[in-house]
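These numbers come from the heavy atoms of this one structure, side chains and all, not from hydrogens, waters or symmetry mates.
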Amino acid sequence: MESTSNGEIAFIGKYLIPAASKETFLERQNIARAYIHTLAGFVRDHAYERITENGDTEYITIATWTNDEALNNARELVQAENDRQGFDRAAMLKKLNIKMEPGVFREDHARP
């Protein structure tokens, strides 16, 4: 997660996606991004990709929230929405052989 001086916090997800899984992943990612845009405390999001030498994709998402409470509420609401849709994110990632490294980050205010 990235955080700014006004208390914002960022949830950053780094994915390694096999070439054969990219289309399915991006379909689901677009659904998730559209949903989080509707949630209270959402500030902005970005997504970046890089194609590796073997054709797989490194994909990074950054979703910025107003504060910890907004992020925690969003996590609960996203899980509830996934449950409502009968969608199991962990199972999808496993089935598609997608590796994910999630994290919550705050801006480094110590740098000059």
Side-chain angles (χ1 to χ4, degrees):
M1 305 262 218
E2 89 188 5
S3 174
T4 64
S5 57
N6 63 3
E8 293 176 354
I9 185 167
F11 181 84
I12 298 177
K14 180 179 177 185
Y15 303 84
L16 180 59
I17 307 164
S21 301
K22 184 176 179 181
E23 184 177 340
T24 302
F25 171 82
L26 289 178
E27 286 173 5
R28 195 64 214 185
Q29 189 65 20
N30 288 335
I31 292 168
R33 287 180 80 184
Y35 181 69
I36 67 168
H37 287 200
T38 69
L39 301 179
F42 173 80
V43 177
R44 66 187 159 277
D45 72 334
H46 301 282
Y48 302 90
E49 70 175 16
R50 181 181 83 83
I51 306 302
T52 65
E53 303 77 36
N54 64 357
D56 293 342
T57 300
E58 288 182 337
Y59 193 82
I60 296 173
T61 60
I62 305 170
T64 304
W65 300 89
T66 54
N67 55 40
D68 290 274
E69 182 180 358
L71 172 59
N72 291 334
N73 289 338
R75 285 177 163 168
E76 290 176 15
L77 291 168
V78 166
Q79 184 59 53
E81 180 64 12
N82 286 344
D83 292 346
R84 187 189 69 77
Q85 294 177 10
F87 174 67
D88 182 338
R89 183 170 183 79
M92 180 198 77
L93 294 175
K94 184 176 181 178
K95 178 182 177 185
L96 297 177
N97 197 31
I98 296 172
K99 308 282 188 274
M100 179 189 182
E101 293 179 37
V104 175
F105 293 80
R106 299 179 192 285
E107 186 173 353
D108 177 5
H109 295 287
R111 45 184 186 167

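Of the charged side-chain nitrogens involved, at least one lies within less than 4.0 Å of a carboxylate oxygen, so that R44 and E8 count as a salt-bridged pair.
When all heavy atoms of A70 and A40 are compared, the pair lying nearest together is CB-O, 4.1 Å. Taking every heavy atom of both residues into account, T52 and E58 meet most closely at CG2-CG, 3.9 Å. Minimum heavy-atom separation, D56 to A19: OD1-N, 3.0 Å. Contact detail for A74 and W65: the closest heavy-atom pair is CB-CH2, 3.5 Å. Across every non-hydrogen atom of M100 and G13, the tightest pair is CE-CA, 4.5 Å.
Environment of CD in E69: sparse, with no more than 12 heavy atoms of neighbouring residues, nucleotides or ligands closer than 6.0 Å. The local environment of CD in E23 is sparse, with at most 12 non-hydrogen atoms from other residues, nucleotides or ligands closer than 6.0 Å.
A distance of 8.5 Å separates OG1 in T38 from CD in E81, rounded to the nearest 0.5 Å. Here the OG atom belonging to S21 is positioned 9.0 Å from the CE atom belonging to M92, to the nearest 0.5 angstrom. One finds the CZ atom of F42 at 15.0 Å from the CG atom of N73 (value rounded to the nearest 0.5 Å). Atom-to-atom distance recorded for L39:CG and R75:CZ is 13.5 Å, nearest 0.5 angstrom. Between atom CG of residue L16 and atom CZ of residue R50 there is a gap of 9.5 Å, rounded to the nearest 0.5 Å.
Proximity of the aromatic rings of Y59 and Y48 is defined here by a centroid distance below 6.0 angstrom, and this criterion is not met.
Under the 4.5 Å side-chain criterion, counting only non-hydrogen atoms from C-beta, T24 is in contact with L96. Contact check for I98 versus K22: no side-chain heavy atoms found under the 4.5 Å cut-off. Using a 4.5 Å heavy-atom cutoff, the side chains of I36 and V78 are in contact. For the pair V104 and L71, the minimum side-chain heavy-atom distance is below 4.5 Å. Side chains of T61 and E49 form no contact here, defined as non-hydrogen atoms less than 4.5 Å apart. With a 4.5 Å cut-off on side-chain heavy atoms, T66 and V43 count as touching.
Using a 4.5 Å cut-off between side-chain heavy atoms of Ile, Leu, Val, Met, Phe, Trp and Tyr, with links allowed through other members, L26 and F87 fall into the same hydrophobic cluster.
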Starting from the C-alpha separation in whole Å, work towards a yes-or-no answer on salt bridge (Lys or Arg N to Asp or Glu O under 4.0 Å) for R106 and D68.
CA-CA 10 Å; R106 299 179 192 285; D68 290 274; 2.4 Å; yes
As a quick check of understanding, evaluate side chain to side chain donor-acceptor pair (under 3.5 Å) for D83 and Q79, giving each step before the final call.
CA-CA 6 Å; D83 292 346; Q79 184 59 53; 2.7 Å; yes
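A donor-acceptor pair shorter than 3.5 Å can be found between the side chains of K99 and N97.
Among residues two or more places apart in sequence or in another chain, the side-chain contact (heavy atoms from CB on, under 4.5 Å) test is passed with K14 by I60, E101.
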